[in-house]
Amino acid sequence: MNPASLLTHNTLVVAIAVGAVGMAAGMVGALAVLRRRALAGDAAAHGTLAGVALAFLATGRRDLPWLLLGGLATALATLAALVLIRRWTRTRDDAATALVLGVSFGAGVALVTGITARGLPDSAGLEQFLLGHTAAVTARDALLLTACAAAAIALLVLGLKEVTLVAFDDAFAAAAGWPVALIDLLLVGLVAVMVVVGLPAAGAVLVTALLVIPPVAARQWTDRVPALVALAGAIGAGAALVGVVVSGLVSGLSTGPVVVLACAAACGVSVVAAPERGWLARRRRARAVHAAWEEGRILTRLEAGRPDAVAGGDAAILRQMILAGLVEPGVGGFRLTAAGRARAVERTRRLAAWESILAVAPDDARAFLTIDLPDPATVIDAARRAEIGRAAGLGMTP
Amino acid sequence: MNGAGIDPLHAWNIATAMVVAAGCALVGSLLVVRRMSLLGDAISHAVLPGIVLAVMAGSRPGGLGVMVGAVAAAIVTAWLSAGLAAGAGVAEDAGTGVAFTTLFALGVVLVSAFAARIDLDAACVLYGELELAAFDTVSLAGWEVPRGFLTGTLVLAGVAAAALATWKEQVFAAFDPAAAQAAGVPVTILSVGLLAATAVTTVAGFGVAGAVLVVALLVVPAAAAELLVDRLHRVVALAAVIGMAAAAMGYVAAWQLDTSAAGMIAVVLGGCYLLAALFAPGDGLVARLVAVMLLRWRVVREDFLAALWRQAEGTVIAGPRGVLPTLAAVSLAAEGAVERTAGGWRLTAAGRGHAETIVRSHRLWEAWLGRNVELPLDHLHPPAEWVEHHIGRDVRARLAAEVGDRTGDPHGRVIPPESPAGREGPA
């Protein structure tokens with residue numbers, strides 16, 4: 001396929017459809033991940049293959065709506081088997097999930113291989129459901145995918161409040177009279193539908209990634225559920241579009257792996273670079289804590305007249321303090337400059353003040369004391385400080 | 001595929017599948033009892049890029065370099081899962097989901113991109129190539145032995161030796177990791193070792209089942225064996241037997257039906273699990289159903305006896321009717337506990353003792369409830385109607401000592417005396 005053919009009407013329609021599916025999968029996945037149903041979706045996804053093959057046997061044609069309907073039926077049967085095993089046997093949850101996943105996928109593989117080996121007309125394309133292949137999707141199929149995605153998004157937006165409540169505190173939701181089992185069923189049903197309509201984009205083996213990775217990426221940027229859902233949808237849509245374009249350009253490349261790697265790239269960037277929760281931000285905060293701690297230690301020791309006391313400390317912090325004019329080389333090591341001494345005296349005063357606050361008003365200390373040791377006068381208002389001072393019996397305000 | 005007997009090629013393929021299945025079952029049993037099944041699933045997907053990179057670097061499929069690549073990929077998966085859970089604040093299962101799908105996708109892209117240069121394709125990755133195992137042979141002391149069989153045997157020997165050497169620690173860590181850790185068992189090293197063993201058996205299983213279906217070989221035999229036996233060494237042994245039997249049967253079924261051996265092995269394993277879940281002695285669905293039905297049958301018979309006794313006493317007019325009571329009456333008549341009269345049934349001398357025991361249990365319990373629990377009179381009957389079937393001689397004696405035999409039940413009816421024929425029942 002050359003780049004120009006990407007612009008045909010059919011390709012454009014398919015790209016829109018797959019983008020919509022990616023968006024819906026990301027949004028549904030956000031709540032599935034919060035509700036810890038991520039890997040149940042994986043079992044359902046592996047279960048779709050057998051249904052696709054059975055639908056092909058039943059209809060004798062490779063007609064996407066029927067194949068997806070078959071996939072949905074066996075996906076739901078797989079989930080039902082999972083529920084039955086959990087309820088009726090002593091097999092633990094994790095083993096039950098892996099078992100159902102492996103066996104249902106094995107049945108699918110046996111069916112698909114058997115059909116292909118018999119050379120039934122039109123059967124060659126069934127293997128595309130393993131890893132996803134959007135090039136074969138027609139405009140009519142695309143319309144179906146878009147409609148399913150839109151319906152899933154609409155349903156999710158309508159039920160967002162209820163599903164959120166159940167995801168965070170199902171016991172409270174049950175006590176408050178919400179039909180928890182029904183809401184759970186709705187969520188799992190949506191997961192099954194997304195797994196099925198995601199088949200052309202990602203295939204049975206990898207479609208789980210469309211549900212799991214975008215929410216994990218989005219989680220790094222926000223603490224609020226609506227924003228999480230919207231962002232996961234956007235990431236899913238973007239990754240699905242990347243998958244369509246790249247697999248269209250490179251012959252022999254399935255769509256699914258590309259979609260997953262695009263999701264993973266977004267996730268990697270988020271985990272490293274997101275403000276607040278990202279790895280870089282957490283590292284920066286840890287450095288700041290370390291620097292404040294080390295500076296305080298150096299000031300205290302030097303003020304106590306121990307010029308060698310900085311040995312074994314963090315040389316980089318010491319260098320910064322020399323550059324800032326707080327410390328200078330002295331006899332047998334280092335000593336404080338006038339500015340450094342003033343800083344040390346002020347630090348000692350603040351420490352004493354916070355200690356007295358901590359003793360009589362620990363809540364205030366917890367609320368206002370940070371690692372950079374602010375002056376209490378700048379963070380606690382005067383009336384409250386006077387109150388604390390009286391309580392501490394100091395006869396003064398800290 | 002000629003029909004005349006078993007071709008040596010098929011025999012080699014079956015032998016290969018069986019040794020690989022045994023190794024997977026051994027490792028899988030430990031994964032299942034340590035609740036690490038899903039990590040096993042994740043690793044069996046995620047070793048793919050490690051294998052592909054090792055093959056691209058010149059290692060032979062199934063060779064040592066591939067093992068090293070696979071173990072490295074497994075450790076990356078576990079590290080990524082745990083790191084995402086701890087650092088990115090997502091649930092452990094979501095972290096695992098991110099890690100293994102990403103690594104598997106990377107592996108598939110590598111396979112697609114370098115298919116011309118390496119001896120792997122997407123079908124092999126997904127289904128394995130058990131059907132071709134016998135064609136790739138190495139010479140061993142004059143014998144042409146399939147490479148997959150050799151790898152599978154070496155891996156089985158290796159993991160079996162490692163499991164035996166650390167058996168005591170494995171059992172301790174499996175059933176109480178916290179206590180094992182506190183007692184100085186290096187649980188983390190055991191876990192990493194288990195991950196490495198999973199990766200190595202996955203490599204051996206790769207040619208048999210493909211990356212996706214290895215999970216069935218790992219988890220299903222152990223899950224089935226766990227339903228049937230209790231001690232860990234028996235679980236492992238039975239899982240290995242189930243795995244090997246399913247491998248052989250699955251291969252033959254696939255050969256007959258002309259389909260994927262890996263898929264059919266997974267299907268047969270699923271069938272084994274279903275059989276175990278249905279027919280496990282004591283704990284299986286059928287055994288539980290039978291136990292419930294036997295209890296219900298006893299209750300119907302005892303209720304029938306008690307009803308006849310009350311009829312004779314005059315406190316109940318009509319006897320019980322319906323299919324079950326009639327069946328109960330016929331079976332009781334066959335034992336000589338009741339006999340037919342013109343209008344219905346009546347107790348024989350032999351049946352009266354048993355009936356009195358039931359009624360005595362019932363009324364003692366009502367009397368005890370009436371005295372010790374603040375229930376209205378009309379709420380005493382339903383609990384007693386159930387408990388009467390479960391009270392033994394000892395409990396009746398204690399109840400009688402507490403409420404006084406002679407006082408009668410709260411409805412003012414006589415409590416029949418303890419009959420010598422009274423059931424022992426649960427103490």
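Protein chains get the first letters and strands the later ones, always in sequence-line order, with residue 1 at the start of each. Only a predicted model underlies this, so the values are computations on that prediction, with no experimental measurement involved.
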**Asked** Does any heavy atom of chain A fall under 4.5 Å from the side chain of B:V32, the backbone, both, or neither of them?
**Response** both
**Message:** Please report the interatomic distance CG(A:L101) to CG(B:L38), rounded to the nearest 0.5 Å.
**Reply:** 8.5 Å
**Message:** Is the shortest side-chain heavy-atom distance between B:F100 and A:D42 below 4.5 Å?
**Reply:** yes
**Asked** By a 4.5 Å heavy-atom criterion (distance strictly below it), what part of B:L84 contacts chain A: side chain, backbone, both, or neither?
**Response** side chain
**Request:** Select one option (side chain, backbone, both, neither) describing which atoms of A:V271 are under 4.5 Å from chain B's heavy atoms.
**Result:** side chain
**Request:** Would you indicate whether the side-chain heavy atoms of B:V215 and A:F105 approach each other to under 4.5 Å?
**Result:** no
**Asked** Under 6.0 Å from the CZ atom of A:R224, do we count more than 12 heavy atoms belonging to anything else shown?
**Response** no
**Request:** Grab the two heavy atoms, one from B:A277 and one from A:T89, that are nearest each other, plus how far apart they are.
**Result:** CB-CG2, 4.0 Å
**Prompt:** Just by distance, do the side chain of B:R35 and the backbone of A:R92 share a donor-acceptor pair under 3.5 Å?
**Reply:** no
**Request:** Look at atom CD of A:E276 and say whether more than 12 heavy atoms of other residues, nucleotides or ligands are closer to it than 6.0 Å.
**Result:** no
**Request:** Answer yes or no: is there a side-chain heavy-atom contact under 4.5 Å between B:V98 and A:C267?
**Result:** yes
**Item:** B:A94 versus A:V33, closest heavy-atom pair with distance
**Value:** CB-CG1, 3.8 Å
**Message:** Between A:R90 (side chain only) and B:E226 (backbone N and O only), is there a donor and an acceptor less than 3.5 Å apart?
**Reply:** yes
**Message:** Can you tell me how far apart OG1 (A:T91) and CG (B:L227) are? Round to the nearest 0.5 Å.
**Reply:** 4.0 Å
**Item:** CG-OG distance between A:L131 and B:S112, expressed to the nearest 0.5 angstrom
**Value:** 7.5 Å
**Item:** B:V108 versus A:P257, closest heavy-atom pair with distance
**Value:** CG1-CG, 3.4 Å
**Distance-minimising heavy-atom pair for B:V267 and A:G106** = CG2-C, 4.0 Å
**Asked** Is there a side-chain contact between B:M264 and A:V109 (heavy atoms, below 4.5 Å)?
**Response** no
**Request:** With a 4.5 Å cut-off on heavy-atom pairs, point out which of A:V103, A:V258, A:T97, A:T116 contacts chain B the most.
**Result:** A:V103
**Message:** Testing the basics here: between B:M36 and A:D94, what is the closest heavy-atom pair and its distance to 0.1 Å?
**Reply:** N-OD2, 3.3 Å
**Request:** Please tell me if the side chains of A:V260 and B:F104 come closer than 4.5 Å, counting only heavy atoms from C-beta onward.
**Result:** no
**Asked** Any salt bridge between B:D93 and A:R35, counting N to O under 4.0 Å?
**Response** no
**Under 4.5 Å from a heavy atom of chain B, the part of A:V112 involved** = side chain
**Asked** If only atom types and distance count, is the side chain of B:R288 paired as donor or acceptor with the main-chain N or O of A:W88 below 3.5 Å?
**Response** yes
**Request:** Please check if the side chain of B:T259 supplies one atom and the backbone of A:A110 the other of a donor-acceptor pair under 3.5 Å.
**Result:** yes
**Prompt:** What distance do A:I213 atom CD1 and B:T102 atom OG1 have between them, rounded to the nearest 0.5 Å?
**Reply:** 3.5 Å
**Prompt:** Where is the tightest heavy-atom contact between B:S37 and A:A95, given as atom of each residue plus distance?
**Reply:** OG-CA, 3.4 Å
**Message:** Any side-chain to backbone donor/acceptor pair from B:T101 onto A:A209? Under 3.5 Å, distance only.
**Reply:** no
**Request:** Heavy-atom distances under 4.5 Å only: say whether A:L34 touches chain B with side chain, backbone, both or neither.
**Result:** neither
**Item:** Other residues, nucleotides, ligands: >12 heavy atoms within 6.0 Å of A:R36 CZ
**Value:** no
